[in-house]
Amino acid sequence: WEHYLSCDGTPDPTVPQEINTFMSLWRDDHDEDIQLVMEKEEVVLNLIEKFEYLLLETSPDEITEKQRDQYLGFILQLQDLLHQKYNEATQNLLKVTSVYEDSETGNMHTVIKDKNSTFCIWVNLKKKARLRNFVFQGAGHAFDLPKSLALSSVAIRVLHTRYDHLSPLVASLKEKSSNTDDVKETEEKTEQNSDTLDVPSQGMGLVFTCSTKKILRLKDALLREEAGGREEAPRVADLQQLLPLGGVYHIDALQLPPQVQDVGDWSMVELLDVGLELYPYSPEEAEDGTQAAVQITLRLPDNVIYFQVPVVARWDPAGQQWRTDGITNITHEAEEKSITFGMCAFYTVAFLQDAHLNLPYQAWELHPTGVDEGLFTITAVFATIQIQIKDNQCMLSAVVVKEEEVLSHITGKWMSPFALRAALKRAGVNIFPAEYSPKYVPVPRKVTLTLPQLDRNNLLTHGGLSRCLSSVSQTAQTLAKENRADNEHLTAGAAKDNDWSLYMFTGEKVQNLKLTETSEAFSEELKEESEFHSTLYHMLKDSASSEAMDKVGRAGFLFIDSVYQLLLATRVLAYS
């Protein structure tokens, strides 16, 4: 319906005929320049995003396997077509290099950029050895060529796409889909093992907060060697532990096509059917007998946070994977926000960051700020993230790193929980564990069975009460999860420290414990005159005022679902 009302001329992703027509018409247009491709690129990226949303957010009973395969096919076709159009536009540009010739060097160079891509190209027209290095002003990228290339008719292209269409898309989508299925399966198993989930679907009104000591963990090696165990075996990036961030840099040496010749009033050019051709470069030997590498300097994108020096990896099209072999002499300039490295050939490269470096969480808090409104705060290892929730929308209020607010380009914008998750991951703030994350962050296995129930109970009481994860929970979380909850939270703002009570939830029962946050040792001794309850909702219903429970009951279902999505995505109960 939103697509229909927009009336912007773009195809409807749910109508295959419209998508096929869009791709066919664009495929037949061979006269586009780089600017026109960038304009169409925005449309293509929006279509791909809509397809991904349909695949990841549509209920399984509302999409057939045939439709799922069709959407995946369209995504891959659109990605291939977009890169093909960049190659065609590059070839068109290389046919008229004399138009852009630099009066000072006699070579041709240009930088074209928009919010999605930066296109840089340099053409060696004069073939002088002293002109072997160049800096693309306005982009911050640079190169230093070996002598053989400096004397050749070659073009160097650096195409930085702020999106990644190379990392295994299908595996990524299946991974996210299976992640959701795993959560549902865990919930089903929990329901079979317990009768405590038969609770009313009232609203929410608790303050959640967690404060724990940082867990020391041994990080696995960032890279795993290929099977075979050879000492010099190429290394493959483990995409379960390393995430490509900041897009992809396509670095190519290209052959020059036949140039336009002016003959009288005519401009003539020889047409070839081979398309854009790569330059056949073989590394030369330096004076010391080693291979002379191509030196590349790339500026890191401003809209991404790299909490550590990123790993530089090259794309292996044959193996469809990222590798780190072939990349040498890496230097990181923090102030210039750039990385310089050598390559024995021309590669497509990306910067990778540890996906779990912000885990485990140091603290978290969730409390109501109004009717169907709440504030979710997560203190991770390197950053503090504040998320406002209102109805079915979320807004990133702030991301604070070293007492400085960052990522202003995505803060202050209302979006769905799904879109917020994608935006944070693209920006380098990954606070969303996957099903394989326990391999890299220690999580007690017995806790997982109680988490779906505890998440649901958290939702049912968020509105008039306050709750948080207790700091003593690490002591006993192999048996249960502890939560603090004050009696009522009827006004906005954080709850007072002396209002908290301590509860333990085992998946089968909830009990109010006698111990406090300052107790020296954990004990399951019950508070005087307290009773067992099957759910936390019923436990708090007995002790809360009618005003508080009335506020809980008025919470909207859209708001409940938004909070539930955030709790499931961040898994703060397990990774704190």
Side-chain angles (χ1 to χ4, degrees), residues 49 52 56 162-164 166-169 171-180 182-183 210 214-215 217 219-223 237-248 300-313 322 350-364 376-387 394 396-402 405-407 409-411 415-443 565-576:
E49 184 179 359
E52 291 176 342
L56 298 175
R162 292 171 181 80
Y163 48 85
D164 176 12
L166 290 179
S167 299
L169 168 72
S172 176
L173 290 173
K174 286 183 177 179
E175 166 194 310
K176 294 177 182 177
S177 177
S178 64
N179 188 20
T180 304
D182 289 344
V183 172
C210 165
K214 181 178 179 180
I215 300 176
R217 58 187 174 94
K219 290 190 175 181
D220 292 343
L222 291 180
L223 302 166
D238 179 3
L239 293 188
Q240 290 188 352
Q241 185 167 9
L242 291 170
L243 289 179
L245 286 179
V248 173
L300 297 173
D302 295 325
N303 59 350
V304 174
I305 300 178
Y306 295 95
F307 297 101
Q308 299 173 345
V309 178
V311 174
V312 183
W322 292 103
F351 300 125
L352 280 57
Q353 180 169 267
D354 184 358
H356 303 93
L357 53 75
N358 264 308
L359 297 176
Y361 306 118
Q362 307 304 293
W364 62 269
F376 190 23
T377 302
I378 294 179
T379 302
V381 176
F382 292 99
T384 299
I385 302 96
Q386 290 187 336
I387 302 172
C394 300
L396 187 64
S397 300
V399 177
V400 180
V401 178
K402 296 180 180 179
E405 292 194 11
V406 295
L407 302 182
H409 68 287
I410 58 174
T411 57
M415 59 188 78
S416 68
F418 171 79
L420 178 66
R421 177 179 178 177
L424 280 172
K425 291 187 70 173
R426 283 195 302 266
V429 184
N430 183 25
I431 52 173
F432 309 102
E435 74 276 3
Y436 49 75
S437 293
K439 292 194 300 183
Y440 310 100
V441 185
V443 179
Q565 288 188 52
L566 287 176
L567 289 176
L568 283 181
T570 56
R571 303 188 184 185
V572 288
L573 294 172
Y575 286 88
S576 294

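Predicted, not measured: the structure shown is a model, and the values here were computed from it.
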To the nearest 0.5 Å, tell me how far [X] [atom1] sits from [Y] [atom2].
X	Y	atom1	atom2	answer
Ile305	Asn358	CD1	CG	9.0 Å
Leu245	Leu300	CG	CG	10.5 Å
Trp322	Leu239	CH2	CG	9.0 Å
Leu352	Ser167	CG	OG	7.5 Å
Ile385	Leu424	CD1	CG	7.0 Å
Gln241	Lys439	CD	NZ	9.0 Å

For [X] and [Y], work out which heavy atoms get closest and say how close.
X	Y	result
Arg421	Ala569	NH1-CB, 4.2 Å
Lys425	Leu243	CE-CD1, 4.4 Å
Ala350	Gly247	CB-O, 3.9 Å
Val304	Gly246	CG2-CA, 3.7 Å
Tyr436	Gln240	CE1-O, 3.1 Å
Tyr575	Ala434	OH-O, 4.0 Å

(request) Report the C-alpha separation of Phe351 and Val312 in whole Å, then their side-chain angles, then the decisive distance to 0.1 Å, and conclude whether the side-chain contact (heavy atoms from CB on, under 4.5 Å) test is met. (result) CA-CA 5 Å; Phe351 300 125; Val312 183; 3.8 Å; yes

(request) Go through the steps for Thr377 and Thr384 under the test side-chain contact (heavy atoms from CB on, under 4.5 Å), then give the verdict. (result) CA-CA 7 Å; Thr377 302; Thr384 299; 4.0 Å; yes

(request) Carefully, step by step, assess Val441 and Tyr361 under the rule side-chain contact (heavy atoms from CB on, under 4.5 Å). (result) CA-CA 11 Å; Val441 185; Tyr361 306 118; over 6 Å; no

Is the backbone N or O of [Y] less than 3.5 Å from a side-chain atom of [X], with the two atoms forming a donor-acceptor pair by type?
X	Y	answer
Asp164	Val248	no
Ser576	Leu573	no
Asn430	Ala355	yes

(request) Name all residues meeting the side-chain hydrogen bond (donor to acceptor under 3.5 Å, both in side chains) criterion together with Ser416; count only those two or more places apart in sequence or in a different chain, and write none if there are none. (result) none

(request) Side-chain contact test, heavy atoms from C-beta onward, threshold under 4.5 Å: evaluate it for Thr379 versus Trp364 and give yes or no. (result) no

(request) Using a 4.5 Å cut-off on heavy atoms from C-beta on, say whether the side chain of Phe376 contacts that of Cys394. (result) no

(request) Evaluate whether atom CD of Gln386 has more than 12 neighbouring non-hydrogen atoms of other residues, nucleotides or ligands under 6.0 angstrom away. (result) yes

(request) Please assess Gln362 against Val381 for the test side-chain contact (heavy atoms from CB on, under 4.5 Å), listing each intermediate value before the final yes or no. (result) CA-CA 6 Å; Gln362 307 304 293; Val381 176; 3.8 Å; yes

(request) Check the angle between the aromatic planes of Tyr440 and His356 and answer parallel, tilted or perpendicular using the 30° and 60° thresholds. (result) parallel

